[in-house]
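Presented below is the structure to which this report refers.
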Amino acid sequence: MKSKENLVFLGMMGSGKSSIGFLVAKKLKLNFVDIDNEIEKKNSTTIKKIFEEKGEEFFRKIEEKITLKKLKLSSAVISLGGGGFVNKNIRKEILKNHLSFWLNWKSEILLKRIKNSKKRPLTINATDDELIDLIKKRTNIYSKALYEVKCDNLTKNEIVDKIVQIYEKN
Ligand code: S3P
């Protein structure tokens with residue numbers, strides 16, 4: 001890995017960016033940064049409350065600011081929020097300077113995982129059709145990542161091993 005690069009995990013809500021990112025970081029002995037956590041720490045509140053009290057636009061601004069700041073680290077594992085890579089500035093920086101991994105699962109699995117989530121503002125009042133629609137739209141964007149990891153038939157450990165193998169080839 002080049003010295004200024006980070007490993008960046010992206011994908012839909014429920015794709016395991018945080019848990020897989022954490023395990024990969026542990027295995028590679030690299031620092032781990034979870035952007036959602038950083039946003040909550042910095043604002044001393046939950047993402048759900050930020051959406052409720054200040055709105056999505058405000059959330060997206062702080063998401064951009066914190067993500068771009070964390071991307072200045074080097075050799076860290078960074079797990080984005082599901083919408084992070086949708087932001088053009090964030091995407092541009094990641095594609096130019098970092099190794100990006102899209103954790104891709106089929107829609108049915110993602111839907112099952114996120115539909116009853118109480119902490120995710122975008123899923124709370126959404127119908128299944130709306131969520132499937134969001135997954136489809138996001139898929140186009142996520143597919144720009146450098147590496148696609150097809151996760152459907154793999155265990156968590158197999159996903160981690162696959163990512164470590166890709167990393168070691170770089
Ligand atoms: C979002 C995903 C969430 C969080 C926020 C918005 C999105 O992160 O950043 O609720 O737009 O997909 P996770 O993907 O970690 O759930």
Side-chain angles (χ1 to χ4, degrees), residues 6-26 31-71 73 76-95 98 100-145 147-152 156 159-160 163:
N6 294 294
L7 274 86
V8 179
F9 287 86
L10 59 102
M12 259 311 274
M13 297 172 265
S15 61
K17 301 179 292 292
S18 302
S19 60
I20 291 166
F22 175 79
L23 292 171
V24 169
K26 204 169 148 197
N31 288 328
F32 174 64
V33 178
D34 181 90
I35 298 295
D36 284 346
N37 271 349
E38 295 296 323
I39 294 172
E40 293 190 332
K41 256 196 315 199
K42 181 98 190 167
N43 290 273
S44 312
T45 186
T46 61
I47 287 177
K48 185 166 177 260
K49 283 234 169 76
I50 299 176
F51 267 73
E52 281 166 6
E53 288 166 10
K54 305 215 167 133
E56 179 167 356
E57 206 177 312
F58 176 84
F59 171 80
R60 296 300 174 195
K61 276 192 192 138
I62 49 177
E63 179 180 45
E64 175 179 298
K65 198 167 160 212
I66 291 178
T67 308
L68 291 176
K69 187 171 165 210
K70 292 295 169 188
L71 285 168
L73 291 166
V77 175
I78 301 178
S79 292
L80 302 185
F85 200 65
V86 177
N87 174 303
K88 253 194 204 148
N89 295 330
I90 295 175
R91 192 167 65 241
K92 223 169 119 188
E93 166 61 20
I94 291 172
L95 294 178
H98 306 276
S100 49
F101 296 85
W102 168 31
L103 302 180
N104 188 17
W105 301 83
K106 58 181 176 206
S107 312
E108 301 86 82
I109 296 182
L110 292 170
L111 187 64
K112 222 188 253 171
R113 289 195 191 150
I114 62 178
K115 63 187 281 176
N116 295 316
S117 168
K118 304 268 181 292
K119 66 178 178 87
R120 292 185 168 105
L122 293 185
T123 67
I124 289 171
N125 293 313
T127 62
D128 284 8
D129 282 350
E130 283 167 341
L131 291 174
I132 294 278
D133 230 46
L134 181 67
I135 294 170
K136 269 198 201 134
K137 269 195 207 132
R138 292 269 180 95
T139 294
N140 285 332
I141 300 170
Y142 296 148
S143 66
K144 296 180 198 292
Y147 298 108
E148 175 191 1
V149 184
K150 288 199 171 88
C151 298
D152 292 328
K156 209 175 247 188
I159 298 170
V160 170
I163 293 163

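For ligands, and for the atoms within them, numbers begin at 1 and follow the listed sequence.
Of the polar atoms of Asp36, at least one N or O is found under 3.5 Å from an N or O of ligand 1, judged by distance alone. In terms of N/O distances under 3.5 Å, ligand 1 is not approached by Ile47.
At the shortest separation from atom 14 (O) of ligand 1 among protein heavy atoms lies Lys17 NZ, 2.7 Å. In terms of protein heavy-atom proximity, atom 10 (O) of ligand 1 is nearest to Pro121 CD, 3.5 Å. Looking only at protein heavy atoms, the nearest one to atom 11 (O) of ligand 1 is Arg60 NH2, 2.7 Å. Nearest protein heavy-atom contact of atom 7 (C) of ligand 1 is Gly83 N, 3.3 Å.
For Asp152 (side chain) and Lys106 (main-chain N/O), a donor-acceptor pair under 3.5 Å exists by modelled atom type. A donor-acceptor pair is defined here as one N or O able to donate and one able to accept, closer than 3.5 Å; no such pair exists between the side chain of Asn6 and the backbone of His98. Proximity of a side-chain donor or acceptor of Trp102 to a complementary backbone N or O of Ser143 within less than 3.5 Å is not detected.
The existence of a salt bridge linking Arg60 and Glu63 is confirmed by a sub-4.0 Å separation between a basic side-chain nitrogen and an acidic carboxylate oxygen.
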Next item on the list: Take Glu52 and Lys48, measure what salt bridge (charged side-chain N to carboxylate O under 4.0 Å, His left out) needs, and give me the verdict at the end.
Entry: CA-CA 6 Å; Glu52 281 166 6; Lys48 185 166 177 260; 3.5 Å; yes

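Using cut-offs of 30° and 60° for the angle between ring planes, the Phe9 and Phe101 rings count as parallel.
Below 4.0 Å from some heavy atom of Arg120 lie the following atoms of ligand 1, by number and element: 16 (O). Atoms of ligand 1 lying under 4.0 Å from at least one heavy atom of Arg138, given by number and element, are 7 (C), 11 (O), 12 (O). The contact set between ligand 1 and Gly81, taken as ligand atoms under 4.0 Å from a residue heavy atom, comprises 8 (O), 9 (O), 14 (O).
Scanning both residues, Gly21 and Ser79, for their nearest heavy atoms gives CA-OG, 3.8 Å.
For Leu122, every heavy-atom contact with ligand 1 shorter than 4.0 Å involves the side chain, none the backbone.
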